Visitor: 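To start, I am sharing the structure in question, which I have written as structure tokens.
Bear in mind the structure is a predicted one, so any value in this text is a computation, not a measurement. Heavy atoms only: backbone and side chains are in, while hydrogens, waters and symmetry mates are out.
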Protein chains: 2
Amino acid sequence: MKPSPTLKKIAAQLNVSISTVSRALKDHPDISIETKRKINELAALIEYDPNPYAVNLRTHNNKEFAIVVPSLSNFFYHSFISSIEEDARKHGYSIFIYRSSNDVQIELEILKNCRLKRVSGVFISITTETKDIAPFLKLDEYGIPVIFFDKVPAYELCNKICIANEQAASLAALAILKKGSNDVLGIFGDPNMPITQVRYQTFNRVLVEGNPVIRLQNVNANSADEAEQLILTMLADYNGTYLTIFCMSDEILTGVMKAVQRKGLKFPKDIGIICISDGMIPKLFYPEITYAETSGFKLGKLALSRMMRCIAGSSFAQTIIDESCLVEGGSL
Amino acid sequence: MKPSPTLKKIAAQLNVSISTVSRALKDHPDISIETKRKINELAALIEYDPNPYAVNLRTHNNKEFAIVVPSLSNFFYHSFISSIEEDARKHGYSIFIYRSSNDVQIELEILKNCRLKRVSGVFISITTETKDIAPFLKLDEYGIPVIFFDKVPAYELCNKICIANEQAASLAALAILKKGSNDVLGIFGDPNMPITQVRYQTFNRVLVEGNPVIRLQNVNANSADEAEQLILTMLADYNGTYLTIFCMSDEILTGVMKAVQRKGLKFPKDIGIICISDGMIPKLFYPEITYAETSGFKLGKLALSRMMRCIAGSSFAQTIIDESCLVEGGSL
DNA sequence: ATTATTACCGCAAACGTTTGCGGTAACATT
DNA sequence: AATGTTACCGCAAACGTTTGCGGTAATAAT
């Protein structure tokens, strides 16, 4: 456990004061060129680096962000995290990863941890049960900016970076209309989740409104397995008319694809498939699945740039919606 | 930016010294029951929590682990990270995520960062170019335990938690032999990577040794796309004899699956497929792909428990190999 | 020759803890 | 009555920085 180089040691070596060393190292004009040279040389030689704990104690400045997500087994969050990490490093920031497991209690603990550590900022996708906004305001009181992403609270006065759920659902619906298939099956996730409701409502509105010829059926599935079973039983009496399946998410899509493969159905010949996705899963199949993109990567870039602005002093709350776009595979 | 509660404030409120407050809060026997009660009450009321920076400055103890990986877009690392995060939180640890992008220079920077932050421990999967072991020994000098996982250095005297590459490759080979198909195509990744070499050698040895009837062909692909192209051209003159394809990794597998779907080949009827994988990708298809499991989750558990032992004082180096097992899908 | 200016540098306090050591009162022991 | 114990508690230094302020010598201005 060898001791680290400190200002004190450099000062002692060179017979100058600690303050002189400190100032020299940050190129303060009060220090002569010659002294600076000597100090910088020695510092480089013994590989001096400031102790971040001591620095923080004085300045209350660290270079750490926290990212809090409900789950880590999720492609979308992965690309978000990856995206943030990339840029954060360039700015000299490190990132903490926290998983709430969609548990409000754990989320609370995590937020407290962030506060104690006085991280420079928090990116968070809240749990589906999070109702109380107070803990977040508390972070704000301590001067820690909070950027909500993906799963955001209804509360107005905060920074939110969202996926364009309406647009994505709408794009998918329009793509189906354009192809001209009239039988559509929409598969959605947990009906209690706001994200499900938004996608459901928009998809239904855009698809059906003014298009009386469309026969749309909607179902819900809480897991990939459930989606698979659902499709299997529904396709048991497959009458041969061309059906288009819309999957609200990657998880639903994986279940659907299992069923489709099991039935030996060809897409786009026998059946059409379209989904909302980050893009990872759709590209595993051939032809690739057509999807309305919700990019964690782009969201991350937006979130980080918003964060940087907050740190620079911007205090006004803003909601940014990242636009979606249709990525054509060959599944429709 | 409201000020945090401190020992000093509690002390002032209660007309006792800072040391008394500090000791009372950690149930030191020198402090009377009555005093402890008062102090604990006030501390709870104003929500006092020790400043981790001040604590660290004194004690050099923090509760932070760093995980360093070459890439974040990798299922195996995801489950590893997820696994560590879960248990670490229970022990009161936070985790830093760092990505080296397989760049030695960045890796060096990250290691330096870890040293400066004096994290409690580092989990790292090194880059394919990492030759110099010195930076890691340096961490050790500062009393920071390093646990290598997955991609580990050849150097002996360190803690390594590895996938059973030989066993996994062997299991796959044995499974193929058991099925009795004689034409085998092995697809491997970058031939310069040790992991490729080990899997290649073991697979070839087990499959061919003592089985002169086996016709094995090996190829290398550096990406999913390359694997896809490779398979497409090789299957162009598909002569109808049953072929079994072995994929060394998830990435290779995704490319192969693209090609197989494109060709409209049925497995296990037309073709056999087997791979080494974490299990995520193989389960996306129907029938599910048979694979020799390399579990990031299990590896994480092993790594963390090893880390805890290191922190508790164990200083001897150990290499742990996590056993693989064959997970039967229906692709063979 | 006195005063103002400049260039450089150090003192010391502060950030919020932890902890060795010493101190005081009250009580028990000879 | 002098001494030894015990139960509590505070002083002060230390961890490694940052920074306001004050100080000294050398030079420039009067």
Visitor: For a stem of at least 3 consecutive Watson-Crick or G-U pairs with distances under 3.5 Å, i pairing with j, i+1 with j-1 and so on, which stems involve DNA chain D?
Guide: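 The stems are C:1-30 with D:1-30.
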
Visitor: Using only heavy-atom distances, determine whether the side chains of B:Tyr93 and B:Asn62 contain a donor-acceptor pair under 3.5 Å.
Guide: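 No, B:Asn62 and B:Tyr93 have no side-chain donor paired with an acceptor closer than 3.5 Å.
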
Visitor: Rounded to whole angstrom units, what separation is found between the CG atom of B:Asn15 and the C1' atom of D:dC11?
Guide: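 The answer, rounded to whole Å, is 17 Å.
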
Visitor: Tell me whether A:Arg37 is salt-bridged to A:Glu34, with the criterion being a basic N under 4.0 Å from an acidic carboxylate O.
Guide: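 Salt bridge present between A:Arg37 and A:Glu34.
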
Visitor: Can you tell which of C:dC11, D:dC9, C:dT17 lies closest to the side chain of A:Arg23?
Guide: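 Within the option list, the nearest is C:dC11.
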
Visitor: Pick one: which of A:Phe75, A:Phe149, A:Phe297 meets ring-ring contact (aromatic ring centres under 6.0 Å, His included) with A:Phe80?
Guide: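 That would be A:Phe149.
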
Visitor: From the list C:dT17, D:dT18, D:dG10, which nucleotide is the closest neighbour of the side chain of B:Arg58?
Guide: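 Comparing C:dT17, D:dT18, D:dG10 against the side chain of B:Arg58, the answer is C:dT17.
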
Visitor: Determine: side-chain N/O of A:Ser22 to OP1/OP2 of D:dT18, distance under 4.0 Å, yes or no.
Guide: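 Indeed, a polar side-chain atom of A:Ser22 lies that close.
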
Visitor: Taking the six-membered ring of B:Phe96, is the NZ or CZ of B:Arg118 close enough (under 6.0 Å from the centre) and on axis enough (within 45°)?
Guide: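 Not satisfied by the 6.0 Å and 45° rule.
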
Visitor: Are any of B:Lys26's side-chain N or O atoms less than 4.0 Å away from OP1 or OP2 of C:dT17?
Guide: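 So the side-chain polar atoms of B:Lys26 never come under 4.0 Å of the phosphate oxygens OP1 or OP2 of C:dT17.
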
Visitor: C:dT17 C1' sits how many Å from A:Leu116 CG, rounded?
Guide: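 For the pair A:Leu116 CG and C:dT17 C1', the rounded distance is 14 Å.
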
Visitor: Side chain of A:Val55 only, please: which of D:dG10, D:dT18, D:dC9 is the nearest?
Guide: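 The answer is D:dT18, which lies nearest to the side chain.
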
Visitor: Would you say the base of D:dG16 and the side-chain of B:Arg118 have a donor-acceptor pair closer than 3.5 Å?
Guide: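 For B:Arg118, whose side chain was compared with the base of D:dG16, there is no donor-acceptor pair (under 3.5 Å).
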
Visitor: Does D:dT17 have OP1 or OP2 under 4.0 Å away from a side-chain N or O of A:Tyr48?
Guide: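 Answer yes for this pair, as a side-chain N or O of A:Tyr48 is under 4.0 Å from OP1 or OP2.
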
Visitor: Is there a side-chain contact between A:Lys8 and the phosphate of D:dA14, meaning an N or O under 4.0 Å from OP1 or OP2?
Guide: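 So the side-chain polar atoms of A:Lys8 never come under 4.0 Å of the phosphate oxygens OP1 or OP2 of D:dA14.
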
Visitor: Which listed nucleotide (D:dT18, C:dC11, C:dG16) is nearest to the side chain of A:Leu7?
Guide: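 Closest nucleotide among those given: D:dT18.
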
Visitor: On the ring face of A:Phe136, is A:Arg115 found with NZ or CZ under 6.0 Å from the centre and within 45° of the axis?
Guide: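 Not satisfied by the 6.0 Å and 45° rule.
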
Visitor: Can you tell me how far OG of A:Ser125 sits from CD1 of A:Ile67, rounded to the nearest 0.5 angstrom?
Guide: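 Rounded to the nearest 0.5 Å, the CD1-OG separation comes out at 11.0 Å.
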
Visitor: Choosing from C:dC9, D:dG10, C:dT18, which nucleotide comes nearest the side chain of B:Val16?
Guide: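 Shortest atom-to-atom distance from the side chain points to D:dG10.
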
Visitor: Return no unless some side-chain N or O of A:Ser32 is found under 4.0 Å from OP1 or OP2 of C:dC9.
Guide: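 Checking C:dC9 against A:Ser32, a side-chain N or O does come within under 4.0 Å of OP1 or OP2.
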
Visitor: Under 3.5 Å, is there any donor-acceptor pair linking the side chain of A:Thr6 to the base of D:dC15?
Guide: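 Answer no: no donor N or O sits under 3.5 Å from an acceptor.
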
Visitor: Could you check whether A:Glu107 pairs with A:Arg99 (Lys NZ or Arg NE/NH1/NH2 to Asp/Glu carboxylate O, under 4.0 Å)?
Guide: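 Here A:Glu107 does not pair with A:Arg99 in a salt bridge, since their nearest N and O are not under 4.0 Å apart.
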
Visitor: Mind calculating the distance between CG (B:Asn61) and P (C:dG16) to the nearest angstrom?
Guide: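 Rounding to the nearest Å, CG of B:Asn61 and P of C:dG16 are 21 Å apart.
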
Visitor: For B:Ile18 and for A:Ser17, locate the closest nucleotide of DNA chain C by heavy-atom distance; then report the residue assigned to the nucleotide nearer the 5' terminus.
Guide: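 Looking at DNA chain C, the more 5' nearest nucleotide goes with A:Ser17.
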
Visitor: Expressed in angstrom and rounded to an integer, what is the separation of A:Asn56 atom CG from D:dT19 atom P?
Guide: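 A:Asn56 atom CG is separated from D:dT19 atom P by 13 Å.
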
Visitor: According to a strict under-4.0 Å criterion, is B:Thr35 in side-chain N/O contact with OP1 or OP2 of D:dC9?
Guide: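 The answer is yes; a side-chain N or O of B:Thr35 sits under 4.0 Å from OP1 or OP2.
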
